[in-house]
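Shown next, in structure tokens, is the structure this report addresses.
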2 protein chains.
Amino acid sequence: MNGYRDLRVALLGCGSVGAQVARIILEHGDELAARIGAKLTLSGIAVRDLDAPRDAPLPRELFTTDAEQLVLGADIVVELMGGVEPARSLILRALEGGADVVTANKALIAAHGPELADAAEQVGAQLSYEAAVAGAIPIIRPLRESLAGDHITRVLGIVNGSTNYILDRMDRFGDSAEDAMRVASELGYLEADPTLDVEGYDAAQKATILASIAFHTEVPVDAVYREGITKVTAEQIEAAKHAGYVIKLLAIAERLTASDGTDGVSARVYPALIRREHPLAAVHGGKNAVFVEADAAGELMFYGAGAGGSETASAVLGDLVSAARRHVVGGPGIPGSAHAALPILPVGEVSTSYQVMLEVRDQPGVLATIAGILSEHGVSAANVEQSVSTRGDDVAAGAPPEEPETATLVIGTHTAREADLAATVEALRESDAVTAVVSVIRLEGNS
Amino acid sequence: MNGYRDLRVALLGCGSVGAQVARIILEHGDELAARIGAKLTLSGIAVRDLDAPRDAPLPRELFTTDAEQLVLGADIVVELMGGVEPARSLILRALEGGADVVTANKALIAAHGPELADAAEQVGAQLSYEAAVAGAIPIIRPLRESLAGDHITRVLGIVNGSTNYILDRMDRFGDSAEDAMRVASELGYLEADPTLDVEGYDAAQKATILASIAFHTEVPVDAVYREGITKVTAEQIEAAKHAGYVIKLLAIAERLTASDGTDGVSARVYPALIRREHPLAAVHGGKNAVFVEADAAGELMFYGAGAGGSETASAVLGDLVSAARRHVVGGPGIPGSAHAALPILPVGEVSTSYQVMLEVRDQPGVLATIAGILSEHGVSAANVEQSVSTRGDDVAAGAPPEEPETATLVIGTHTAREADLAATVEALRESDAVTAVVSVIRLEGNS
């Protein structure tokens, strides 16, 4: 297609993430090719069981059980098997053959990251693992590249969605630890054996990776101090709330000077209090966030989904496109930003909703008139409220009402075309029932 | 030094950002060289006035008024002059000469981004401008690279710190619009002519850049629909608060299908309501944040400082290191993450603070005993509180007190060494005054 060269991509593993990655490569091939300047060809998917059910419909002929053979012919290897072996050996073989490697395997990177990074560097190949920490959230690349000229002093991460879900339920709904665990388990937030999550082992692996990258140093996972959430009680959560705090399980990586003057780093995982005004306190449910403090940049936070098949696939694909780009241009850039040439639509085409504050005549039939104006323009009201106005307060305080015959209405609309909403407001302004359109404001951020 | 090759960096402009960039290149040269694999040599700083005061002490011999000459001999040009000309011509000249270019110039990128990107692509040079949007926050690179394999559907940005400061004051302190403007002006958040900020022109430039990158298409700044914050009233803010919303000035870039079926994009800036639970609602003061929605990644947010000399310098340096790395390895990678080899310090060396919940004998002298134990270990209390315990509730409800002689104390400590705090808790546990150490939890996230 379009004279693009082919880049052969070997996929190892086809669980929920692998199936999404394969699906996107197959379904969005043209769009990816335009972005990369080369075509990604899925040369095969290595699996243990050819007949296992998959999360996406994929051509059967892509599957193979011979991962070693598949790796040999690949330009880029995407490892999504999990676990240390055979993932480690296959990645080493791929790197030795000069292939770039993308992996989401946090256990492997936490245990063997430096060995694999060295192997990549020796042959000038690229090893990337954005998906290994905090799922969809771009954090590895910002730490390694965007902050490469800065001096990171501390990283505080909510990097385990299951435990954040449990602690958040206890904080927001007053659940006991047992109840919150049970709900998390029912919703699939916890593995059959929840130890990896609730005892902080998963977070400790991520702390290792974050500390290694933030401080350009090797941090063995054994060196991470670790406490889980199993001792956190509803009483503690309540006392924290009372004092203006929330309890979060944090993975912390910090530059530190020891009492004897030694310059070093600390990596640790434990439940800790966070002020309610801190951006990390607003990380609810199963979401993840990584808060970074750097000398020049100050405070940064990266927030998003920490897990999930398609979310993790997004991070894997970002790494994959980046590796592929390197084959094309020898650099990280994405081609000129203007290749899509999409039309810019006028604001009238936007779908949004309005909150309109009106001053209306306080007499029978006014609401019906206003409702009629909305429906004429295909706009429906989500809610209508008589607002507490300053004038009302004056009345309550005994002052004589200045214009007793008006009332203030706040109408929230359902989503509609901006052009229809604007026409509705114009019609309201001209209606005899309305004495003034006090304010109009859009509502954004809903899905 | 260490046989590294030199990369000549030409700096154009020496305002607050430029002075910080120059300072860091000069002061942290060895650390940057280790990260890059090449030494950054500041070949000169082009300024209009050789004798103007600078934000950092810099060697006088670096300064020149001949920007064109400086650009000619550079491997990487860092443009921090601002404005369209002569910045545009100098950047084009640099790119034509094969130099990589880093710029923080949002006005220039908003107006001429596609032209400059094309010029860079023709010669295989790199043009980067992370600092042009949202200051220190890595957003350009995540959008271009991390999300390169995903499909972005919407970007909602709080990208102007001045207007966010004003709206936040009105929301949190009940300021009138005039009072909030005055305070913002006094604190230096507003320019002498605040029009660029409060009328949304600055945010519109950033909307252009975000939309172009998110959707791989050209979005002229004239095509951005724009409303500023000058019509936002205290009454609106109050009504929004009452209804569970907060008003933010948003720069919005969105994939959209028009009513006639045309696939296109919308870029717009206006004040809008956001639910208080939305992550953007927690962006206070002069901070910036960019909320991104993508098909696979779901919801992401990038948060941090949107302006400031050292903050912006961090983003510029990230781009500079990335460009320099490309000269060394032909790729974006940072060398193996383990070059610093820092010691991993035990958790006892960490400085933190504790909140300790104790059950104590309710008798005279107990507080003095506990205070004595803290001070013996060099730990001081920040606050001590008698907590409302369930047992206390039982008493209030008329149930007979089970252990009337105990009380519950919550002690918050000042920051101390973890080892000292742990020893303090051990001593409290062994004290006769304490019947039980109910819970111990650390407090994190303070500066």
Side-chain angles (χ1 to χ4, degrees), chain A residues 114 117 121 136 138 141-142 144-146 148-150 212-213 216-218 223 225 236 256 258 264-266 268 272-274 278 282 296-298 300-301 303-305 310-311 313-314 317-318 321-322 326 330-332 334 336-340 342-345 347 349-350 439 442-445, chain B residues 114 117 121 136 138 141-142 144-146 148-150 212-213 216-218 223 225 236 256 258 264-266 268 272-274 278 282 296-298 300-301 303-305 310-311 313-314 317-318 321-322 326 330-332 334 336-340 342-345 347 349-350 439 442-445:
Chain A
E121 202 168 8
R141 190 182 302 272
R144 289 180 72 159
E145 300 179 27
S146 306
D150 206 331
S212 303
I213 289 179
H216 312 276
T217 197
E218 196 169 330
Y225 176 83
Q236 271 184 317
L256 215 62
V265 306
S266 158
R268 55 197 197 270
L273 300 172
I274 287 277
H278 194 285
L300 301 170
M301 191 172 84
Y303 164 96
S310 79
E311 292 85 349
S314 171
L317 281 159
V321 169
S322 172
R326 206 175 63 95
I334 301 298
S337 52
H339 68 76
L342 291 164
I344 318 300
L345 300 176
V347 73
E349 295 286 359
V350 170
S439 77
R442 296 170 190 86
L443 171 60
E444 294 286 347
Chain B
E121 203 169 5
R141 190 182 303 271
R144 288 180 72 159
E145 300 179 27
S146 306
D150 206 333
S212 303
I213 289 178
H216 312 277
T217 198
E218 196 169 330
Y225 176 83
Q236 271 184 318
L256 215 63
V265 306
S266 158
R268 54 196 198 269
L273 300 173
I274 287 276
H278 195 284
L300 301 169
M301 191 173 82
Y303 165 96
S310 80
E311 291 85 349
S314 171
L317 281 158
V321 168
S322 173
R326 207 174 64 95
I334 300 300
S337 52
H339 68 75
L342 291 164
I344 318 299
L345 301 176
V347 72
E349 295 286 0
V350 170
S439 78
R442 297 171 188 85
L443 171 60
E444 295 286 346

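Naming convention: chains lettered A, B, ... in sequence-line order (proteins, then strands); numbering from 1 in each chain.
- Panel note: side chain A/S266, backbone B/V350; no donor-acceptor pair is recorded below 3.5 Å.
- Smallest separation of non-hydrogen atoms from A/S314 and B/D150: OG-OD2, 2.6 Å.
- If you measure heavy-atom distances from B/A258 to chain A, the contacts under 4.5 Å come from both the backbone and the side chain.
- For chain A, the option among B/Q236, B/H278, B/M301 with the highest count of heavy-atom pairs below 4.5 Å is B/M301.
- Shown here for B/L443 and A/I274, the closest heavy-atom pair between the two residues is CD1-N, 4.4 Å.
- Interface remark: of the candidates B/S310, B/A296, B/G264, B/A296 forms the most heavy-atom pairs closer than 4.5 Å to chain A.
- Of the atoms belonging to A/A297, heavy atoms from both backbone and side chain fall under 4.5 Å from chain B.
- Nearest heavy atom pair, residue B/G304 against residue A/L300, reads CA-CD2, 4.0 Å.
- Annotation: salt bridge (charged side-chain N to carboxylate O under 4.0 Å, His left out) contacts of A/E444 (sequence neighbours excluded): B/R154, B/R268.
- Among the candidates A/I344, A/L345, A/V347, the single residue satisfying the side chain to side chain contact (heavy atoms under 4.5 Å, CB included) test with B/Y225 is A/V347.
- Contact count against chain B (heavy-atom pairs under 4.5 Å) is highest for A/P343 among A/P142, A/G318, A/P343.
- Per-residue heavy-atom pair counts under 4.5 Å with chain B were compared for A/S439, A/S146, A/A136, and the maximum is reached by A/S146.
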